[in-house]
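Notes follow the structure.
Quantities reported herein were computed from a predicted structural model and do not represent experimental measurements. We use all heavy atoms of the structure for the numbers below, so side chains are in, but hydrogens, waters and symmetry mates are not.
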Amino acid sequence: MKQRKFIRSSSLLLSLVLLAPLASGCGSEAKAAASDTPPTFSNVSVHDPSIVKDGDTYYVFGSHIAAAKSKDLMNWTSFANGYTTPGNTLYGDLSKNLAGSFEWAGENDSDSKGGFSVWAPDVFWNKDYVNEDGSKGAYMIYYSASSTYIRSAIGYAVSQNIEGPYEYGGTVMYSGFTENEAYDANSKVNKQWRNTGIDELIDDGKLTDENENWFNADGSYNNQQYPNAIDAALSYDTKGKLWMTYGSWSGGIFLLEIDKKTGEPIFPGKDGTTKDGRMIDRYFGTKIAGGYGKSGEGPYIEYNKSTKYYYLYETYGGLGATGGYNMRVYRSKNIDGPYTDSLGQNAVLPAGTENTEYGNKLIGNFLFEREAGDPGTGIGYGYLSAGHNSVYTDSKTGQMLLVFHARFPQQGETHELRIHQMFMNKDGWPVVAPYRYTGEKLSTVKKDDIAGDYAYVNHGKAYSGDIEETQFIRLNANGTVTGALEGKWRKNASNQAKITIGKDEFDGVFLRQWDPVSQSNVMTFTAVSGSGEAAWGTRLADLSDEQIVENVASGLTLGDTSKVTADLTLPATGSRHAQIAWSSSNENVVSAEGKVTRPEEGQPAATATLTAKIVKGSAQKTVTFEVTVLPYESASLTAHYAFENDLKDSEGAFAEGGATGDRIGKAGGNLNYAAGKKGQAVVFDGASGVKLPDNLIQSSSYSVALWMKPEQLNTYTTTFFGAKDDTHWLSLLPKGSVGDQTMLWAGSTNWYDGVTGVKIPAGQWSHLALSVDEGTLTVYVNGERKFSGTGFPDLFAEGVNGTFALGVNWWDAPFKGQLDELRVYEGALTPTQAAELAE
């Protein structure tokens, strides 16, 4: 049998690492970088990844039955097949195999109605597990099955093969139960606590009785004190005992000992408190973090032999692109706590306390923004909502890796697996390398290679959808820090870093890493302050002000200015914060702020010259752009669905629409008609939609307009939806994900947000129109232009077989309310047309 290891308690490096730059190489490194071979990656999407190694292969297992493997931590191959059943790669006949957990939650029930919710597994080799034939040793997978934000279950399954299939072993933890009979929406599950098997634990003498504190005064589940049973992670302590930490939001994160031979929990049996006053519950175990409904999930514990601490990792915030997901870490001398941060604050929250300032922050939202004059392409390098991590430490080398999923700026909910190195600083706190792992090693760095300009970001302690802004600092050869921030720095030993910014001292390491934007190896630093704020720096090329101005001048572009139809984005800054001032030869055509005024239909095109003055220090240069603004052209009506008690196109060019269920392609659907904005309108009941004819739009220039009266506003719920396929689509949202504003949302290689700045009300008629003109998007609300932008994806060019619908898509909650007067056009609407349609 090949060697199998459960790597969760290995030694860590004592060295420290600081963050890396995002621009071109510096000094002697710039010459070396020119001959560097770019690393290659094969990316996968595994949400909530947990890592384990089998032989020479690394495996990650994640939510929605996703799994991948790699031999180098850079090139990953997926091998699971999601919720396929029967024939599921990991679980065989998924529905039958995990039926013991699904009786409580996770299959065709409440929030998982019409499908499954199997989340956040953890896999490890348990050498002590006793199989049915009496032999010892098995891979164990602990998974979550969930139906609501509190009604969930944790079960386990076993296999002799790490890739499965895994056979169900039992369900070990339940949450969301009630004192008396009760049911969730869209569910037939009686939530009364006796249906969880807790009564059997009482009969067997493993629990004294049910705990009256599990329930609120009305008999509902007390989720302010007790956990949501998801996100299990298994760890060994220094005595060889096996423990399961778990929990999410609600009442906090808990810890239970696990019988190594059976995989079953060893329940405390009776209530108590720890020496420091934390809860010990007879069933749920010892509380080690969180509580009172504050965010905190994805717990993961690893022991470090070098520091002799247990480290508790968890993630705060919401997992969506705008949710501010961010990773935190605490530590303790005991696996059951108390876990504290660098300020000595307990991970278990007091009542009425926000968790923002609790826990050392590892990564938050950031972007090393690429500006005009910077090397490379694209917007730069950054993450959104990175989190739900696991950790892997090599028992031989001490190399420590942070394993997590991340979303990305301007790419919506797209997520991928990421691996970054971590290092322990002089105080025994982990710091995260700024760039993803490419096989780099921590080594001795020279002070002369460190001094220079850096892009710098402080991850802070707050969390929101905001992105931490890049600042520019210089680490001078004399040990001072100047630029946007001031302080001092020094290198200790071979690579340890201390950077003082104001009164804050950051300790970490210097490390050379591969920068994917400049495509070169650069010096970086990563460090953490005494208050738990993470700071990263990435070194930039040594350039004079004159060189920077020249780079900005050559890199500054406005796209194709020979046929402008939308406002222009005129950057105010370039590389290294070079200042750019704009002027226009004709403000009536295009202003110095980029606002475009198009000639009326039938008028000739208008021209103007934009001049950019670029200044950095005493260096300056001007660049001009000749701009031609095209006149409006009226759009031509191609389809009109008036909904006068039917779904017919009154233009007669397209077939009649048809009722569908709560998703495109689902049977059913119940549509009615009532008095609308003009004549009759179609009424949506929140569980139905309209499937419009395929190929309703086949053009790169088109418009869609309709009246809507939402009965309720739900994020992501669509009114008009069109798609080339399930990754290339647009959706007109009364309530979007950006500040709850009305928006046109599109998914493609990069996600596109056409945010209007307004939120239409429920219970009132509003008119929305969108126009796409060869990549220029305009969105009108009640006849007024509220958004205009370029770079919109070409979704429905001639020959594309498009799918179109009203009120439903393939994923989100259906629309509830009324829609009226759907009009589809060839070409872009003029402002006059848009205003007339809204009358």
Side-chain angles (χ1 to χ4, degrees), residues 45-50 60-67 80-123 141-157 164 166 168 170-177 183-191 195-196 221 223 227-233 246-250 295 297-299 315 318-320 323 325 385 387-388 405 413 415 662-663 666 714-716 726 809-814:
S45 295
V46 179
H47 213 265
D48 309 329
S50 177
V60 289
F61 296 84
S63 288
H64 309 300
I65 316 182
N81 57 355
Y83 289 126
T84 299
T85 187
N88 190 276
T89 302
L90 295 186
Y91 296 107
D93 190 326
L94 172 65
S95 184
K96 291 182 179 180
N97 191 17
L98 303 191
S101 296
F102 291 152
E103 288 178 3
W104 181 249
E107 180 184 5
N108 192 30
D109 175 60
S110 201
D111 291 348
S112 61
K113 193 72 174 177
F116 297 88
S117 291
V118 181
W119 298 340
D122 191 30
V123 175
I141 184 168
Y142 282 74
Y143 60 85
S144 309
S146 184
S147 284
T148 72
Y149 69 104
I150 53 176
R151 179 162 58 89
S152 306
I154 295 171
Y156 72 89
Y166 287 80
Y168 176 75
T171 301
V172 299
M173 180 55 59
Y174 296 84
S175 67
F177 44 79
Y183 300 86
D184 289 319
N186 298 313
S187 176
K188 297 180 180 179
V189 175
N190 180 356
K191 299 190 295 182
N195 293 317
T196 64
Y221 183 65
N223 70 307
N228 184 17
I230 64 172
D231 296 353
Y246 70 99
S248 172
W249 290 68
S250 52
S295 68
E297 61 187 21
T315 302
L319 59 82
Y325 227 36
S385 293
H388 202 117
H405 69 251
E413 300 304 323
H415 60 84
D662 62 359
R663 300 291 189 273
K666 289 191 68 174
N714 298 316
T715 306
Y716 305 124
D726 62 0
N809 56 28
W810 289 306
W811 314 284
D812 301 304

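- No donor-acceptor pair under 3.5 Å is formed between the side chain of S295 and the backbone N or O of W249.
- Between H47 and H388, the distance separating the two ring centers is not shorter than 6.0 angstrom.
- Shown here is Y149, whose OH atom has no more than 12 heavy atoms of other residues, nucleotides or ligands within 6.0 Å.
- Checked against a 6.0 Å centroid threshold, the rings of H405 and Y325 count as neighbours.
- A donor and an acceptor atom, one from each side chain of S250 and N223, are nowhere located under 3.5 Å apart.
- Side chains of Y143 and S101: a donor on one and an acceptor on the other come within 3.5 Å.
- The side chain to side chain donor-acceptor pair (under 3.5 Å) check on Y142 picks up nothing, with sequence neighbours excluded.
- Residue pairs that meet the salt bridge (Lys or Arg N to Asp or Glu O under 4.0 Å) test with at least one member in residues 95-111, sequence neighbours left out, are D109-R151.
- The side chain to side chain donor-acceptor pair (under 3.5 Å) search around W104 returns none, not counting sequence neighbours.
- Interatomic distance, T84 OG1 to D93 CG, rounded to the nearest 0.5 Å: 11.5 Å.
- For the ring pair (Phe, Tyr, Trp, His ring centres under 6.0 Å) test, no residue two or more places apart in sequence or in another chain qualifies with Y246.
- Applying the salt bridge (charged side-chain N to carboxylate O under 4.0 Å, His left out) rule to K113 yields no partners; only residues at least two apart in sequence or on another chain are considered.
- Side chain of S45 to main chain of H415: a donor-acceptor pair is present (N/O by atom type, distance under 3.5 Å, no hydrogens or angles).
- Residues meeting the ring pair (Phe, Tyr, Trp, His ring centres under 6.0 Å) test with F116, sequence neighbours left out: Y83, F102.
- Put simply, the side chain of S144 gets close to the backbone of D231: a donor and an acceptor are under 3.5 Å apart.
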